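Accompanying notes for the structure given below.
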Amino acid sequence: MLSLIKKRMSVRVRFAPSPTGALHIGGLRTALYNYLFAKSKGGKFILRIEDTDQNRKVEKAEAYIVEALNWSGLVPDEGPSVGGEYGPYRQSERKNIYRDHIEMLIEKGKAYYAFDTAEELSIIRTHYEEQKKTFKYGAHNRMQFNNSLTQKKEKTQELIETIPYVIRLKVEEGKTIKVEDGVRGFIETQSGEIDDKILLKADGMPTYHFANVVDDHLMEISHVIRGEEWLPSLPLHQMIYDAFEWTAPKFMHLPLILKPQGKGKLSKRDGEKMGFPVYPLQWENFEGFKERGFLPEALMNYLALLGWNPGTEEEIFKKEDLIKIFNPEKIQKGGAKFDFEKAKWVNHKFLEITAPKIILERFPEFLDYLPYDWSEKKRSDVYALLRDRLFLLNEFKVESELFWKDPKEYDSKVLDKILKHNPKKIISQFVRFAQEDIPVNEWKERIQKWNENEGLPFGAIMQSLRLAIVGNLSGPDIFNICEIIGNEITLVRLENFIIH
Ligand code: GLU
């Protein structure tokens, strides 16, 4: 008994995407909030694939969703690939379950067969539209149509066996439906505003609304956390729960993720136009956050703050911290503007706190540009020198070029400025140090000593050296660079400068 009560009380949430394409960051944020809520309550995070709409199903989308969740660290406790006690977790494999449940509703008189053809309904719809009205199949007119409420029992049976049909919910008239949303509070709807929604389609597949309610009940989902676009469906879902006499889970509808500028929902087009990703991983030829060089934990941190706030000024959180502090009461009502610069800043903070060794192990693809014969230590040293400058790991290629590409030209503006101090003469001193194998950490002191007689501005000396080694004034500490590229390459670059 106790274990039964415990089971009922435990938190079980689900992420229920339809495999109609890549997972958008809006969907990923929904998955994240579900995950954080489940983990903060010691509950379960379930993946359910809602693939009842065969026409919209996209090959590879399910695999993409699973891969994206894994990359993001949001690994489901139950789902199509991991299994679990409440499966199958793909709706297309639950047809019999829906069939049994629809029959329960028919027996209770809460649903009925409708035999009207699509053409018949379309003619009526057009007729209504011409009069600027919307057509609703419901309590006020259902007795005028061809359905099991208007046909005799035997005729109904004959029609079921011979022609395609749908099954509709029999919405009761004159009822007030009161639902509660954890983010927005109570919402009241009159049942007359809802038409007799189709629950089972002519192809034998359930509609989203029906399958969603049946599955959430059978999978013992305690909280439904999903996008705001589903809020208008909540009264209908409540009516389906009521028809079954089931207790509905608790609901939370998340605010939209908005475009960075202007109005409306963030779309792939915004990303294409403004040059930022909207998918976690590459989809077709559109790069994802992963390929741009986001650490998944940084993206999760950014997404967590996009529609929720911890109530403090703090902005950088590891996953364990997010789990500890995630409180759905702090989910905001209004839409959250996507800000790519902010996302990059969060990533930068994570690069700062992640040891170079870990980056090398987890993201070797971003360091592929370094010469293949470089040791692990050398790779790690270069990365450590550059990481403060990086916002995204894919910037590493350009930033690290000065280590593996000799300068082809020298910044003429800088050169003109220091020409009067005879930079070639300065560089010939450094050539001597290199030829004599003097360790780089002694160069500064030596050159200062040499300069005691010359009396040159020290800035001009350092600029000459940087120009010779890098070609311009960019890059990290110049002595560090010389040390990493090694004596031989340093010497080549110094000599090239003298003969150019
Ligand atoms: N299959 C729906 C979607 O992809 C799920 C909505 C829900 O979570 O209930 O948005």
Side-chain angles (χ1 to χ4, degrees), residues 11-38 43-58 60-66 68-69 74 76 78-80 86 88-95 97-98 179-184 187 197-199 201 205-241 246 248-257 265-268 278-280 283 303 307 328 331:
V11 165
R12 291 176 54 81
V13 297
R14 85 305 191 271
F15 176 51
S18 303
T20 53
L23 180 62
H24 184 274
I25 51 162
L28 189 60
R29 187 197 55 177
T30 301
L32 173 67
Y33 284 19
N34 273 286
Y35 176 92
L36 292 176
F37 183 64
K44 292 272 191 292
F45 170 61
I46 293 137
L47 173 64
R48 183 173 74 224
I49 299 293
E50 301 209 326
D51 58 349
T52 53
D53 192 345
Q54 296 294 315
N55 298 328
R56 295 186 58 219
K57 197 163 170 172
V58 170
K60 294 197 198 127
E62 182 186 324
Y64 178 94
I65 291 166
V66 171
L69 290 178
L74 310 177
E78 295 169 29
Y86 296 78
Y89 293 92
R90 228 176 252 122
Q91 289 188 327
S92 58
E93 293 166 19
R94 299 172 64 84
K95 266 172 97 169
I97 298 174
Y98 305 126
V179 288
E180 187 182 7
D181 176 65
V183 179
R184 278 153 206 281
I187 301 163
K197 280 274 181 311
I198 294 177
L199 302 179
K201 295 181 280 188
M205 280 290 195
T207 54
Y208 153 71
H209 304 292
F210 185 63
N212 193 265
V213 166
V214 169
D215 288 347
D216 283 343
H217 176 76
L218 295 180
M219 294 182 180
E220 295 188 27
I221 298 303
S222 60
H223 297 76
V224 169
I225 306 174
R226 62 185 169 193
E228 189 179 81
E229 65 273 27
W230 299 107
L231 189 60
S233 306
L234 187 53
L236 168 67
H237 293 185
Q238 185 61 51
M239 289 203 324
I240 304 176
Y241 282 105
W246 288 341
K250 294 199 160 34
F251 292 94
M252 288 174 228
H253 289 84
L254 307 178
L256 290 178
I257 297 185
K265 200 169 143 179
L266 178 72
S267 70
K268 179 182 171 208
V278 296
Y279 301 142
W283 177 258
L303 288 183
I331 294 173

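What you see is a predicted model, and the numbers here were worked out from it, not measured in a lab. Counting starts at 1 for both ligands and their atoms, following the listed order.
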Subset of ligand 1 atoms that lie under 4.0 Å from at least one heavy atom of [X]:
X	answer
Ser18	1 (N), 2 (C), 3 (C), 4 (O)
Asn212	7 (C), 9 (O)
Glu50	1 (N), 2 (C), 5 (C)

Task: Any N/O pair Ala16/ligand 1 closer than 3.5 Å - done: yes
Open item on the list: Using a 4.0 Å heavy-atom cut-off, which part of Pro17 comes near ligand 1: side chain, backbone, both, or neither?
Closed with: backbone
TODO: Measure Trp230 to ligand 1 on non-hydrogen atoms and call it side chain, backbone, both or neither using the 4.0 Å cut-off.
DONE: side chain
Task: Modelled atom types, side-chain donor and acceptor of Asp215 and Tyr98, under 3.5 Å - done: yes
How about [X] and [Y]: do any of their side-chain heavy atoms sit closer than 4.5 Å?
X	Y	result
Met219	Arg14	no
Leu74	Phe45	yes
Arg226	Leu231	no

- [ ] Describe, in one word, how the ring planes of Trp230 and His209 are oriented to each other, choosing from parallel (under 30°), tilted (30 to 60°) and perpendicular (over 60°).
- [x] perpendicular
- [ ] Measure the distances from the heavy atoms of Tyr208 to every atom of ligand 1 and state whether one is below 4.0 angstrom.
- [x] yes
Open item on the list: Counting non-hydrogen protein atoms only, what is the nearest one to atom 8 (O) of ligand 1? Give residue, atom name and distance.
Closed with: Arg14 NH1, 2.7 Å
- [ ] Assess whether atom NZ of Lys265 is packed by more than 12 heavy atoms of other residues, nucleotides or ligands within 6.0 Å.
- [x] no
